[in-house]
Amino acid sequence: MQKIRDNLSQLRQKIQQLLQKYQRDPAAVVLLAVSKTQSVAAIETAVLQGQYRFGENYLQEALPKIQALKAYQLQWHFIGRIQSNKIKDIAENFAWVQSVYQLKHAQRLSQQRPAGLLPLNVTVQINIDREPQKAGIMPEDALNFAQEVVKLPNLRLRGLMGLPAAHPDFMAQQQSFKALQAVYQRLKEQGLPLDTLSMGMSDDMEAAIAQGTTLLRIGTAIFGQRDP
Ligand SMILES: *Cc1c(COP(=O)(O)O)cnc(C)c1O
């Protein structure tokens with residue numbers, strides 16, 4: 001658990017250094033700790049270091065953790081593949097869903113969002129490198145899709161989430177993120193009130209910061225390598 005504390009404080013320093021390096025506002029980026037496969041105790045260690053936002057990919061795994069940590073009033077983001085039969089639980093238990101790329105999922109998330117809660121924050125998942133095996137909206141379809149999602153009453157469309165191809169080199173990473181940034185700017189120019197560009201993970205964080213990310217999704221660099 002000491003390792004998690006050290007990782008988190010080093011990561012925060014690194015993010016601040018990179019924001020400075022790329023001449024960005026020190027408050028321009030928020031950190032989402034991706035806690036899939038991590039124990040309640042590991043998450044709690046991060047919470048006690050001031051970490052507030054957590055991302056989970058699998059509903060069954062997430063629900064008991066959300067329940068166990070309820071007293072901390074954390075902000076939970078669903079970042080995994082949405083299954084139709086899990087939508088009600090997702091709409092009831094998360095503050096954000098980042099992996100929206102089917103209109104019927106968006107519609108049902110809106111329908112199932114409980115009346116007593118704030119609107120569910122969503123980002124549209126973009127298949128930025130057009131990989132056939134990867135889910136997400138193609139860049140050229142992003143505007144039409146976002147214009148449908150923004151109409152849904154119990155959702156609040158916040159922006160885009162990108163899962164680029166795993167590029168080993170910094171230049172290629174930057175190119176993917178630059179393309180996503182361009183889609184994001186185009187949607188904003190069309191009048192969509194977006195404030196969130198979710199891009200960058202442990203291995204491509206610098207490229208994402210250089211290209212304007214506002215939300216980093218980081219697992220390994222906080223919690224260490226996940227068990228397969
Ligand atoms: C697992 C995961 C991450 C975190 O990846 P790391 O390389 O461990 O930082 C980020 N985003 C999504 C969608 C993920 O599934």
Side-chain angles (χ1 to χ4, degrees), residues 3-4 6-15 18 29-39 42-43 45-46 49 51-63 65-66 74-83 86 90 94-102 105 109 120-131 133-137 142 158-170 172-174 176-177 180-181 183-184 196-228:
K3 190 75 192 139
I4 295 174
D6 294 345
N7 286 345
L8 198 50
S9 74
Q10 281 164 19
L11 177 63
R12 286 179 178 142
Q13 275 177 27
K14 180 90 196 280
I15 292 171
L18 290 171
V29 169
V30 298
L31 175 59
L32 181 73
V34 176
S35 49
K36 62 177 171 228
T37 78
Q38 306 302 334
S39 66
I43 297 171
T45 303
Q49 293 300 110
Q51 180 61 31
Y52 159 67
R53 298 174 176 85
F54 290 87
E56 289 281 339
N57 295 58
Y58 307 102
L59 183 78
Q60 274 97 328
E61 184 197 326
L63 286 183
K65 296 190 213 174
I66 294 173
L74 303 174
Q75 185 184 92
W76 292 96
H77 292 227
F78 188 80
I79 61 173
R81 196 176 272 264
I82 297 173
Q83 292 175 273
K86 306 280 163 52
I90 294 172
F94 286 82
W96 285 66
V97 179
Q98 295 203 14
S99 43
V100 173
Y101 53 87
Q102 287 190 30
H105 291 164
L109 285 166
L120 183 62
N121 298 289
V122 299
T123 60
V124 174
Q125 181 172 326
I126 307 290
N127 186 352
I128 197 65
D129 290 314
R130 321 180 64 88
E131 296 168 278
Q133 80 284 9
K134 209 171 259 179
I137 298 285
R158 300 293 294 267
L160 305 179
M161 187 267 262
L163 279 174
H167 301 299
D169 71 290
F170 183 65
Q173 289 174 355
Q174 286 207 91
S176 286
F177 290 142
L180 187 57
Q181 167 77 260
V183 177
Y184 179 65
T196 302
L197 183 55
S198 170
M199 60 186 196
M201 318 199 293
S202 298
D203 290 335
D204 54 16
M205 174 175 106
E206 176 162 358
I209 290 175
Q211 295 301 329
T213 182
T214 74
L215 187 152
L216 292 165
R217 308 182 309 271
I218 309 263
T220 309
I222 297 172
F223 297 108
Q225 287 295 338
R226 285 179 291 274
D227 295 330

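Just so you know, ligand 1 is whichever comes first in the structure, and atom 1 is the first atom listed for that ligand. Along the sequence shown, the residues carry numbers beginning at 1. What you see is a predicted model; the values in this text were computed from it and never measured.
Residue Val34 has at least one heavy-atom neighbour below 4.0 Å for each of these atoms of ligand 1: 1 (C), 2 (C), 3 (C), 4 (C), 10 (C). Listed by atom number, the atoms of ligand 1 under 4.0 Å from Asn57 heavy atoms are 14 (C), 15 (O). Using a 4.0 Å cut-off to heavy atoms of Ile218, the atoms of ligand 1 that qualify are 9 (O). The contact set between ligand 1 and Gly219, taken as ligand atoms under 4.0 Å from a residue heavy atom, comprises 4 (C), 6 (P), 8 (O), 9 (O).
Nearest protein heavy-atom contact of atom 12 (C) of ligand 1 is Ile79 CD1, 3.6 Å. Counting protein heavy atoms only, atom 14 (C) of ligand 1 is closest to Lys36 NZ, 3.0 Å. Atom 11 (N) of ligand 1 has Arg217 NE, 2.9 Å as its closest protein atom, hydrogens excluded (heavy atom only).
Counting heavy atoms under 4.0 Å from ligand 1, residue Arg226 touches it through the side chain alone. Of the heavy atoms in Thr220, both backbone and side-chain atoms come closer than 4.0 Å to ligand 1. Neither the backbone nor the side chain of Asp203 has a heavy atom within less than 4.0 Å of ligand 1.
Looking at ligand 1, you won't find any N or O of Leu163 less than 3.5 Å from one of its N or O atoms.
Heavy atoms only, all atoms of each residue included: Thr213 and Leu197 are closest at OG1-O, 3.2 Å. Among all heavy-atom pairs drawn from Asn7 and Ile222, the shortest one is ND2-O, 2.9 Å. Here the closest heavy-atom approach between residue Ala165 and residue Asp129 is recorded as N-OD2, 2.8 Å. Contact record, Pro164 with Asp204: CG-OD2, 4.0 Å, taken as the closest heavy-atom pair. Between His167 and Gln173, the shortest heavy-atom distance links the atoms O-NE2, 3.0 Å.
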Handout entry: Trp76 vs Phe54, ring pair (Phe, Tyr, Trp, His ring centres under 6.0 Å): CA-CA, chis, key distance, verdict
Key = CA-CA 5 Å; Trp76 292 96; Phe54 290 87; 5.7 Å; yes

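Closest to atom 3 (C) of ligand 1 by heavy atom, among Met199, Glu56, Met201, is Met201. With distances taken over non-hydrogen atoms, the option nearest atom 6 (P) of ligand 1 out of Gly80, Ser202, Ala166 is Ser202.
With hydrogens and angles disregarded, no donor-acceptor distance shorter than 3.5 Å links the side chain of Lys36 to the backbone of Glu61.
Tested against Ser198 for a side chain to side chain donor-acceptor pair (under 3.5 Å), the candidates His77, Arg158, Arg217 yield a single pass: Arg217.
Residues Ser35 and Glu56 bring a donor and an acceptor atom of their side chains to less than 3.5 Å of each other.
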